[in-house]
4 protein chains.
Amino acid sequence: MARPRSEDKRQAILQAATRLFAEEGLNAPTARIARTAGVAEGTLFTYFASKDELLNKLYLELKGQLRSAMGPPVRGGLREQVRHAWTTYVAWGVDHPRERQVLAWLGLSDRILDATRTEGFQAFCDVSRLLEAGMAKGVLRDQPPAFVGSLMAAMADTTMDYINRDPAAAEATREAAFAAFWNAITHG
Amino acid sequence: MARPRSEDKRQAILQAATRLFAEEGLNAPTARIARTAGVAEGTLFTYFASKDELLNKLYLELKGQLRSAMGPPVRGGLREQVRHAWTTYVAWGVDHPRERQVLAWLGLSDRILDATRTEGFQAFCDVSRLLEAGMAKGVLRDQPPAFVGSLMAAMADTTMDYINRDPAAAEATREAAFAAFWNAITHG
Amino acid sequence: MARPRSEDKRQAILQAATRLFAEEGLNAPTARIARTAGVAEGTLFTYFASKDELLNKLYLELKGQLRSAMGPPVRGGLREQVRHAWTTYVAWGVDHPRERQVLAWLGLSDRILDATRTEGFQAFCDVSRLLEAGMAKGVLRDQPPAFVGSLMAAMADTTMDYINRDPAAAEATREAAFAAFWNAITHG
Amino acid sequence: MARPRSEDKRQAILQAATRLFAEEGLNAPTARIARTAGVAEGTLFTYFASKDELLNKLYLELKGQLRSAMGPPVRGGLREQVRHAWTTYVAWGVDHPRERQVLAWLGLSDRILDATRTEGFQAFCDVSRLLEAGMAKGVLRDQPPAFVGSLMAAMADTTMDYINRDPAAAEATREAAFAAFWNAITHG
DNA sequence: AATGAATGAGCCTTCATTCAT
DNA sequence: AATGAATGAAGGCTCATTCAT
């Protein structure tokens, strides 16, 4: 019967947080985030009980955005499927530098709970399974499957950094790096 | 701000900073760092003009420690030389979890100046040159040389994470990951 | 601010306030009081224009409860009548620790208006008159009549504290204290 | 070697707190207390780690002031000694209305620790012993000794209230009330 | 040089009250 | 009338840095 909570405002806060965190680090004050989002300072806390909760929810939000950007599985051979994952992953990072930056910081922050990390990982299970298949005969065949996922993330992140330094060469860099990654996991 | 007198104290402060940053993040207060180092709050600022300077100096210190741990170049073929770099790098990270953690945070912090990053990179030139040679015929041959250095760091870091989760398998993990890395950069 | 519709809700709010004030002090938030009472945050302000009004109304409510608990005048000699007042007063306090606690806090709070205090006192006029008769020949005979009322309240309150510490001795404590009180006001 | 902590400042803070608490209740902001004391907001927290600690220390300070004002034991009979305690107690309260008010609020606040209360009571042991002697043959003879101490405090407090309302009659009121108190505890 | 008290801007969060629904 | 989201002024406390000793 009362004014319902507005998904718009929630999103506005998350976006404002993304922008300010990217610009000033995770220490950006909640007051400024709220103002940027166009809501009162107190309103932020009706949507997120604390700054830590905002951080955790933002982590999930960004992970979700990334996952969405990677789209559904594609047809084709294993290599093609992995290549698709790689390409879309890198594309997201290059197209969303702020989101990528913030996600990186959040990932390293001790304010993100383990439960949050686990939950954030869920959406990537299918990608994970793809990689598992890819590594089956490679040098990493006896390693934990998640290892390859982490390697891919690490290599893709490095790739994005270099694409950002030389955007003109984006495609070449991305492809070369994918080749390197594929070499890394599939060769015996 | 004046020339500090005691190298011991300087080192004590850097060590205390490492410990506290590892435990509490880069927001650990200077007051606590000073106390942990056994000096007065104000004394810290005799050795480092500001917290930012402490951060930058600590970055260089840790990069230096890492480089020292990797030792001088070894004899042998290219692969052996790179393998040595990889192994000693990973060993340092595994043996110095706090230093590694803090170095990672510092590397992502916007409080570390570009000049500092550049300076920190100097000591790794020879390693870089090694990698350049390694990548000469691989899929990355047309990429900026530093790219491979960054890839190695990224892959090695990921490797350390997994070694920390399963220390018993340290050697196997390290070797498999090296093989993957070598595959990544050398295959055509 | 408008005329509230449900006496039940009004009572629920007063009861919730009593409980929360007893547990957390007069700073207990109105939001929690409302929730405890089973009404919405804003509804509380339909029944009480402000927190201060709630405080003042609660003061009167509790004074009223106490007065009710003391019942109508009893037959008997002066001493018997005063003893009855004493006994019922103490019994209420012992039986309603929360109400007593909150009433004490409210009595000391500067948020309770003088008008409220005066109004709260009205109901005790008959008791007052009793005490006036009792003190007529005692050492306090020349003091303001209300003084004795206050003394009785103070001594009875102290008595309740000690009964609460040793409930088994309740009756003995209550009687001894009454004897002391009677001594205090009646002896010349 | 550094600037020593200043007892003056500590006292200034306690005095400012007393004044503001008396005027605005225990919720008076630390910022205003600091300003009133003539120190920076942060300085307050070098002298008292938290507002709660300030509260507890102030409680002890005021209890101590009261005890000091009551002076050392006097010669004379039991009644004379108790009368002296009573008189000096009442005099302090009348002369220090703010201190009395604040002490009363602190005593009822749940922010004062039990340990603090206990410690505050220590200084009054000798007075306690006096009262024990006084009650030996009275109606309260079988009650816990502290009971009489609490009764005295309660009756004296009430007395102060009435003296404040009619300061001209201070001496008469004080003496009459003492007579009543003495009656209360000594009569059989 | 060393010490640690002093400073005050800034931060996260709470909460009484208002108001759209 | 009832609801609960929205508001923004405080409030307690922290902390990098300065400065008296």
Side-chain angles (χ1 to χ4, degrees), chain A residues 1-6 9-10 27-35 37-55, chain B residues 1-6 9 27-35 38-55, chain C residues 1-6 9 27-35 38-55, chain D residues 1-6 9-10 27-35 37-55:
Chain A
M1 205 186 251
R3 198 176 336 185
R5 250 182 236 198
S6 146
K9 273 182 188 143
R10 209 189 106 98
N27 293 318
T30 52
R32 189 126 23 111
I33 295 172
R35 175 147 2 140
V39 301
E41 194 166 354
T43 300
L44 186 149
F45 291 93
T46 64
Y47 287 84
F48 305 94
S50 65
K51 188 174 182 178
D52 272 21
E53 187 182 316
L54 170 59
L55 256 23
Chain B
M1 200 176 281
R3 195 45 33 118
R5 203 169 55 180
S6 152
K9 278 183 184 154
N27 292 320
T30 51
R32 185 121 32 105
I33 295 172
R35 174 111 27 127
V39 303
E41 219 168 311
T43 301
L44 186 149
F45 292 92
T46 303
Y47 289 81
F48 304 93
S50 67
K51 189 174 182 179
D52 272 22
E53 187 182 314
L54 169 60
L55 255 25
Chain C
M1 201 176 278
R3 195 44 37 116
R5 204 169 53 181
S6 152
K9 277 183 185 153
N27 293 320
T30 51
R32 185 120 32 104
I33 294 172
R35 174 112 26 126
V39 302
E41 219 168 312
T43 302
L44 186 149
F45 292 91
T46 304
Y47 289 80
F48 304 94
S50 68
K51 189 174 182 180
D52 272 21
E53 187 182 313
L54 169 60
L55 255 24
Chain D
M1 205 187 251
R3 201 176 333 186
R5 247 181 241 199
S6 145
K9 273 182 187 142
R10 208 188 106 99
N27 293 319
T30 51
R32 188 127 22 112
I33 294 173
R35 176 148 359 142
V39 301
E41 192 166 356
T43 300
L44 187 150
F45 291 93
T46 64
Y47 287 84
F48 304 94
S50 67
K51 189 174 182 180
D52 272 21
E53 185 181 316
L54 170 60
L55 256 22

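Treat the numbers as computed from the prediction; the structure is a model and nothing was measured. Proteins come first, then strands; the chains are lettered A, B, ... in the order of their sequence lines, and each starts at number 1.
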Visitor: Between E/dT13, E/dT17, F/dT3, spot the one nearest the side chain of A/Lys51, thanks.
Guide: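 Output: E/dT13.
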Visitor: F/dA6 phosphate, OP1 or OP2: any side-chain N/O from A/Lys9 under 4.0 angstrom?
Guide: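 Result: yes.
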Visitor: Roughly, in whole Å, what's the span from CG in C/Leu54 to C1' in E/dT17?
Guide: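 My rounded result for the distance is 14 Å.
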Visitor: D/Arg3 side chain: which of F/dG4, E/dG4, E/dA9 is closest?
Guide: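 For the D/Arg3 side chain, the nearest candidate turns out to be E/dG4.
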Visitor: Got a second to check how far C/Arg32's CZ is from C/Arg35's CZ, nearest 0.5 Å?
Guide: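 One gets 9.0 Å once the value is rounded to the nearest 0.5 Å.
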Visitor: Identify, between B/Asp52 and A/Ala40, the residue whose nearest nucleotide on DNA chain F lies closer to the 5' end.
Guide: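 Looking at DNA chain F, the more 5' nearest nucleotide goes with A/Ala40.
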Visitor: It should be established whether D/Arg5 places a side-chain nitrogen or oxygen under 4.0 Å from OP1 or OP2 of nucleotide E/dA5.
Guide: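 Yes, because at least one side-chain N or O of D/Arg5 sits under 4.0 Å from OP1 or OP2 of E/dA5.
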Visitor: The side chain of B/Phe45 lies closest to which of these nucleotides: F/dT17, F/dT3, F/dG12?
Guide: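 Closest nucleotide among those given: F/dT17.
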Visitor: Quick check: do C/Leu54 and C/Ile33 have side-chain heavy atoms less than 4.5 Å from each other?
Guide: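 Contact flag for C/Leu54/C/Ile33 side chains = yes.
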Visitor: To the nearest Å, give me how far apart CD1 (D/Ile33) and C1' (F/dA10) are.
Guide: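 Going from CD1 in D/Ile33 over to C1' in F/dA10 covers 14 Å.
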Visitor: Could you tell me which nucleotide pairs with E/dA20 by Watson-Crick or G-U wobble geometry, both distances under 3.5 Å, or answer none if nothing does?
Guide: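 Pair assignment: E/dA20 / F/dT3.
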Visitor: Report yes if at least one side-chain N or O of A/Thr43 is closer than 4.0 Å to OP1 or OP2 of F/dA5; otherwise report no.
Guide: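 Checking F/dA5 against A/Thr43, no side-chain N or O comes under 4.0 Å of OP1 or OP2.
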Visitor: For B/Val39 and for D/Gly42, find the nucleotide of DNA chain E with the closest heavy atom, then tell me which residue's nucleotide is more 5'.
Guide: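 It is B/Val39 whose nearest nucleotide is closer to the 5' end.
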Visitor: Rounded to whole angstroms, how far apart are CZ on B/Arg35 and P on F/dA16?
Guide: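 Rounded to the whole Å, the gap is 13 Å.
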Visitor: Looking at CZ of A/Arg5 and OG1 of A/Thr43, how far apart are the two atoms once the value is rounded to the nearest 0.5 Å?
Guide: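 One gets 10.5 Å once the value is rounded to the nearest 0.5 Å.
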Visitor: Expressed as a whole number of angstroms, how long is the span from D/Asn27:CG to F/dA9:C1'?
Guide: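 Going from D/Asn27 (CG) to F/dA9 (C1'), I get 15 Å.
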Visitor: Choosing from F/dC13, F/dA16, E/dT7, which nucleotide comes nearest the side chain of B/Pro29?
Guide: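 Looking only at heavy atoms from C-beta outward on B/Pro29, the closest nucleotide is F/dA16.
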Visitor: With rounding to the nearest 0.5 angstrom, report the CD to OG1 distance, A/Glu41 to A/Thr30.
Guide: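 Interatomic distance, A/Glu41 CD to A/Thr30 OG1, rounded to 0.5 Å: 5.0 Å.
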Visitor: Nearest whole angstrom, please: distance from the P of E/dT17 to the CZ of C/Phe48.
Guide: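 Nearest whole value for this atom pair: 13 Å.
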Visitor: Specify the residue among D/Ser6 and C/Ala31 whose closest nucleotide of DNA chain E lies further upstream toward the 5′ end.
Guide: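 Mapping each residue to its closest nucleotide by heavy atoms, the 5'-most match is D/Ser6.
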Visitor: Return the pairing partner of E/dT14 with a 3.5 Å limit on both distances, Watson-Crick or G-U wobble; otherwise return none.
Guide: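 Paired with E/dT14, as far as the under-3.5 Å criterion goes, is F/dA9.
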Visitor: Verify the contact: side-chain N or O of B/Thr30 to OP1 or OP2 of F/dC15, cut-off strictly under 4.0 Å; return yes or no.
Guide: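 False: B/Thr30 side-chain N/O out of range (4.0 Å or more) of F/dC15 OP1/OP2.
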Visitor: Could you state the atom-to-atom distance from CD of C/Glu41 to C1' of E/dC19 in whole Å?
Guide: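 Value for this atom pair: 13 Å.
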Visitor: What is the distance from CG of A/Leu44 to C1' of F/dT7, rounded to the nearest Å?
Guide: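 For the pair A/Leu44 CG and F/dT7 C1', the rounded distance is 13 Å.
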Visitor: I need the B/Tyr47 OH to B/Glu53 CD distance, nearest 0.5 Å.
Guide: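 That separation rounds to 13.5 Å.
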Visitor: If you compare all heavy atoms of C/Ala34 against all heavy atoms of C/Ala40, which two are closest, and at what distance to 0.1 Å?
Guide: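 Of all heavy-atom pairs spanning C/Ala34 and C/Ala40, the closest is CB-O, 3.6 Å.
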Visitor: Specify the residue among A/Gly38 and D/Pro4 whose closest nucleotide of DNA chain F lies further upstream toward the 5′ end.
Guide: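 Here A/Gly38 is the residue nearer the 5' end.
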Visitor: Base, sugar-phosphate, or nothing for D/Tyr47, non-hydrogen atoms under 4.0 angstrom?
Guide: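 Sugar-phosphate contact only.
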Visitor: What's the CZ-P distance between B/Arg32 and F/dC15, to the nearest Å?
Guide: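 Computing the B/Arg32:CZ to F/dC15:P distance gives 7 Å.
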Visitor: Would you say E/dA5 has OP1 or OP2 under 4.0 Å from some side-chain N or O of D/Thr46?
Guide: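 No, no such contact exists.
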Visitor: When we call it a touch if two heavy atoms are under 4.0 Å apart, what does C/Ser50 touch: a base, just sugar-phosphate, or nothing?
Guide: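 C/Ser50: backbone/sugar contact only, no base atoms under 4.0 Å.
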